[in-house]
2 protein chains.
Amino acid sequence: MIRYPSAWLQGVSLGESIACELRLQLIRGTIQPGEILSENRIATDFGTSRSPVREAMKTLANEGVIRLERMGAVVLGLSLEDVEELYDVRFLIESFAQQRLAEGHHDSLFARLQQMIDKMELAVKHQDIVDFSYQDFCFHEAMIKQAGHTRIWHLWKSIHNLVLTVMLITTEEVFSEGEPKLIAVIDKHRKILQGLQSKDAKVIQGVVEEYFADSRNTLHKSLL
Amino acid sequence: MIRYPSAWLQGVSLGESIACELRLQLIRGTIQPGEILSENRIATDFGTSRSPVREAMKTLANEGVIRLERMGAVVLGLSLEDVEELYDVRFLIESFAQQRLAEGHHDSLFARLQQMIDKMELAVKHQDIVDFSYQDFCFHEAMIKQAGHTRIWHLWKSIHNLVLTVMLITTEEVFSEGEPKLIAVIDKHRKILQGLQSKDAKVIQGVVEEYFADSRNTLHKSLL
DNA sequence: GTCAGTATACTTGTATACAAGACATCTATC
DNA sequence: GATAGATGTCTTGTATACAAGTATACTGAC
């Protein structure tokens, strides 16, 4: 089991860093739902003061993986249903964003997306789970950002850490299933890019729907 | 110009309280975009320490009305375009939620919604801007909550303070336009309730679209 | 006048201290 | 034995203290 990539923690504050580490454990289930977390305990665990822990707890509460209460924060975690719901939300955001990209010129975006796809292929070659999931993440984030809709962008920001962490974990699983599955994942991204390049709103909508239908499908199979 | 209703601050922490006060000023434009806010300055302004201010700043940054930087937080505010975009997001969330409500039994919700509509009428009678906007807010929140989708709920929570404050301000404007406009607003909510009671997904979708189309329209007119 | 360098004041991020409140346990009384 | 109450330990929310970094403004040399 992979630890949270230290490369992703470069330059971030202690608070964010703690949030990231905890988030991974909360989603993985290392910290189990129902457990009670106290700021003091976590602070001593991480060898820091309560200040950054407090910041992290607030972040995680906003993301809905814990619930702040009077005495201690209760762990909610992220159930399979929650991940499905996360896909629902991603679908809403991404289909909205991609529809917007049907209009206007976004050639530089397309070039960057292609580059990310290439990097994903390279990551497969080097068995680099971290970079694969990161490029996957960047691919989706780049599209949403390019859509140029401030509010949708904030919506994304409110879940992007959650999404990144889920991607890391699922990518870990997908890597263990062998190369064909990974190539399929890359292919799905190629289809998205082609969809965008078609500039046809209907085509794009179809591709997005297919993408998330397939993702949900994979999620269910990995459950078994 | 109305202050932030103290009734809405009952039992909340200093941090949230400061966030609410600042949010109102940021959206109103009392604090103008481009200004630089410092934790220290705000702390002395509010007569508190930096801790709750810091919490408030983080909240407001998550909402996108300020941007945290190395030295000071720069005010972004909420432009007319931003409010429009906020309606986009609300439309996404609410149409999703209402579609879900097309299935299942939600009679107790309908009863509560009807009660809120009644309270809105009463608020008009008593010229109670605060309660009118609050009931409006609760109406939408109740629907979203009843949809029972954890992630959508969190999306809502990430904007609900923003929405509440915008509602307060716009309600203030609407009240100044006289009673007919207020009755029209109430009527829009009646239509939503009727839509939900029809339990017909297509009808509901139509009603939601109409609701937000009209809201956008009103927004534009209030600009002139 | 211009530019390099330094000093200073202000910024955030983190640590620590303190206070008020909640929960559990233990005790004393009935 | 059961119950009311006191007590002690835990919790969070807020205040304060400290450290490291940054922008600005000033000073001096050229």
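Each chain gets a letter, A, B and so on, in the order its sequence line appears, and its residues count up from 1. Quick caveat: nothing in here was measured; it's all calculated off a predicted structure.
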Practice task
Please check if the distance between the ring centroids of B/His140 and B/His160 is under 6.0 Å.
Solution key: no
Fill in the blank from the handout: Sorted by position of nearest nucleotide on DNA chain C, 5' first, the leading residue of A/Met71 and A/Glu55 is A/Glu55
Practice task
Check whether any side-chain N or O of A/Asp45 sits under 3.5 Å from a backbone N or O of A/Ile42 as a donor-acceptor pair, and report yes or no.
Solution key: no
Practice task
Find which nucleotide of DNA chain D each of A/Met57 and A/Ser51 is nearest to by heavy atoms, and output the residue with the more 5' nucleotide.
Solution key: A/Met57
Exercise for the section: Using heavy atoms to find the nearest nucleotide of DNA chain C for A/Gly15 and B/Arg41 separately, return the residue whose nucleotide is more 5′. Expected result: B/Arg41
Problem - Protein-nucleotide distance (A/Arg70, atom CZ; C/dA24, atom C1'), rounded to Å - result: 18 Å
Handout entry: Nucleotide C/dA9, atom C1' - distance to CG of B/Asn40 in whole Å
Key = 12 Å
Fill in the blank from the handout: So the contacted stretch of DNA chain D, first to last nucleotide with an atom under 4.0 Å from a non-hydrogen atom of chain B, runs from D/dT14 to D/dT22
Practice task
May I ask you to say whether B/Asp88 pairs ionically with A/Arg151, meaning some side-chain N is under 4.0 Å from a carboxylate O?
Solution key: no
Fill in the blank from the handout: Rounded to the nearest 0.5 Å, the CD atom of B/Gln115 sits from the CD1 atom of B/Ile117 at a distance of 11.0 Å
Exercise for the section: Check whether any side-chain heavy atom of A/Val65 lies under 4.5 Å from a side-chain heavy atom of A/Leu76, and answer yes or no. Expected result: no
Practice task
Could you tell me whether A/Glu173 and A/Lys181 have a side-chain N and a carboxylate O separated by less than 4.0 Å?
Solution key: no
Exercise for the section: Round to a whole Å and report the spacing from CG of B/Leu14 to C1' of C/dA19. Expected result: 14 Å
